[in-house]
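No hydrogens, no waters, no symmetry mates; every other heavy atom, side chains included, goes into these values. Bear in mind that the values here come from a model prediction, so they are computed numbers and not experimental data. We're numbering straight along the sequence, starting at 1.
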Amino acid sequence: MKEGLQPGTTAEFTVVVTEDMLPRFEGEVVHPVMSTVSMIYYMEWAGRQVILPYLEEDEEGSGFAVDIRHVGPAVVGQTVTFRAVCQEVTKKRVVCEVTADTARNRVGVGTFTQAIFNKHEIRRRFEALQAEIGAENK
């Protein structure tokens with residue numbers, strides 16, 4: 001990682017809740033509010049924005065762990081602010097506190113941990129796994 005990433009480094013953006021963010025199973029909307037899946041997607045995106053400026057050319061980050069609570073609703077048309085604040089940086093991990101808030105209430109809170117690795121090595125591992133799976137399916 002490049003120098004400068006430290007506890008307190010923050011990324012923040014807003015998203016307006018749309019119909020496609022509602023929880024659906026088998027095509028049926030369960031609740032008319034932002035789904036947990038959508039909320040976690042944007043929390044991960046906020047955490048990724050924290051690390052992007054600090055990745056070396058040969059590095060990549062990947063989701064390693066999420067510990068999230070969906071604590072309040074956000075309805076269609078409401079603006080949600082997603083924020084990630086770096087809490088801990090090690091050679092192989094970056095932990096961020098992530099939050100989602102509307103002007104009226106907190107929507108979600110938790111932590112998102114990213115693993116940092118050599119992107120060429122991980123690509124080789126993925127390719128080897130893909131070759132193994134391909135050979136098993138023949």
Side-chain angles (χ1 to χ4, degrees):
M1 302 271 310
K2 296 175 186 171
E3 292 293 318
L5 179 58
Q6 60 190 0
T9 302
T10 302
E12 182 177 296
F13 58 86
T14 61
V15 172
V16 176
V17 179
T18 60
E19 292 280 337
D20 63 317
M21 296 176 187
L22 304 181
R24 282 184 178 74
F25 294 97
E26 301 293 322
E28 185 178 327
V29 173
V30 179
H31 307 289
V33 297
M34 176 180 265
S35 70
T36 303
V37 169
S38 293
M39 182 188 72
I40 291 172
Y41 169 87
Y42 289 110
M43 287 174 152
E44 285 197 39
W45 178 227
R48 181 154 175 81
Q49 287 185 7
V50 166
I51 69 167
L52 282 176
Y54 301 98
L55 292 175
E56 296 285 356
E57 185 70 26
D58 64 343
E59 288 180 318
E60 185 53 271
S62 179
F64 179 76
V66 290
D67 182 9
I68 305 294
R69 291 181 311 281
H70 195 162
V71 297
V75 297
V76 172
Q78 231 176 344
T79 299
V80 181
T81 300
F82 289 90
R83 186 172 198 207
V85 179
C86 180
Q87 300 294 306
E88 180 183 350
V89 180
T90 68
K91 185 176 179 177
K92 295 188 176 203
R93 303 276 187 270
V94 175
V95 180
C96 290
E97 176 186 54
V98 288
T99 56
D101 294 287
T102 71
R104 303 174 74 94
N105 63 287
R106 173 143 289 174
V107 179
V109 63
T111 58
F112 172 48
T113 304
Q114 296 171 86
I116 308 300
F117 51 83
N118 180 289
K119 67 183 178 184
H120 306 294
E121 173 59 29
I122 202 72
R123 184 180 309 122
R124 283 190 292 273
R125 289 174 62 190
F126 291 160
E127 289 169 354
L129 177 58
Q130 190 66 58
E132 253 182 67
I133 300 302
E136 290 174 4
N137 292 329
K138 287 187 178 185

request  = Using a strict 4.0 Å threshold on nitrogen-to-oxygen distance, state whether Glu127 and Arg124 make a salt bridge.
outcome  = no
query = Does a salt bridge link Lys92 with Glu59, judged by any charged N lying under 4.0 Å from a carboxylate O?
reply = no
For residues [X] and [Y]: do they belong to one hydrophobic cluster (side chain heavy atoms under 4.5 Å, members Ile, Leu, Val, Met, Phe, Trp, Tyr)?
| X | Y | answer |
| --- | --- | --- |
| Ile40 | Val80 | yes |
| Met43 | Val85 | no |
| Val89 | Val50 | yes |
| Val15 | Leu22 | yes |
| Leu5 | Val98 | yes |

Search all heavy atoms of [X] against all heavy atoms of [Y] and return the closest pair with its distance.
| X | Y | answer |
| --- | --- | --- |
| Arg83 | Ala46 | C-CB, 4.2 Å |
| Ala100 | Phe82 | CB-CE2, 3.5 Å |
| Cys96 | Ala84 | CB-CB, 4.2 Å |
| Ala74 | Val107 | CB-CG2, 4.0 Å |

key: Under 3.5 Å donor-acceptor, Gln78 side chain and Thr102 backbone   = no
If we only count heavy atoms from C-beta on, is the [X] to [Y] side-chain gap below 4.5 Å?
| X | Y | result |
| --- | --- | --- |
| Asn105 | Pro73 | yes |
| Met1 | Ile116 | yes |
| Val94 | Cys86 | yes |

Enter the distance from [X]:[atom1] to [Y]:[atom2] here, rounded to the nearest 0.5 Å.
| X | Y | atom1 | atom2 | value |
| --- | --- | --- | --- | --- |
| His120 | Asp58 | NE2 | CG | 5.5 Å |
| Met21 | Met39 | CE | CE | 13.0 Å |
| Asp101 | Thr79 | CG | OG1 | 12.5 Å |
| Gln6 | Tyr54 | CD | OH | 7.5 Å |
| Glu97 | Thr10 | CD | OG1 | 9.5 Å |
| Arg69 | Thr111 | CZ | OG1 | 8.5 Å |

Looking at [X], I'd like to know if its [atom1] atom is crowded, meaning that more than 12 non-hydrogen atoms belonging to other residues, nucleotides or ligands lie closer than 6.0 Å.
| X | atom1 | result |
| --- | --- | --- |
| Phe117 | CZ | yes |
| Arg125 | CZ | no |
| Arg24 | CZ | yes |
| Phe13 | CZ | yes |
| Arg48 | CZ | yes |

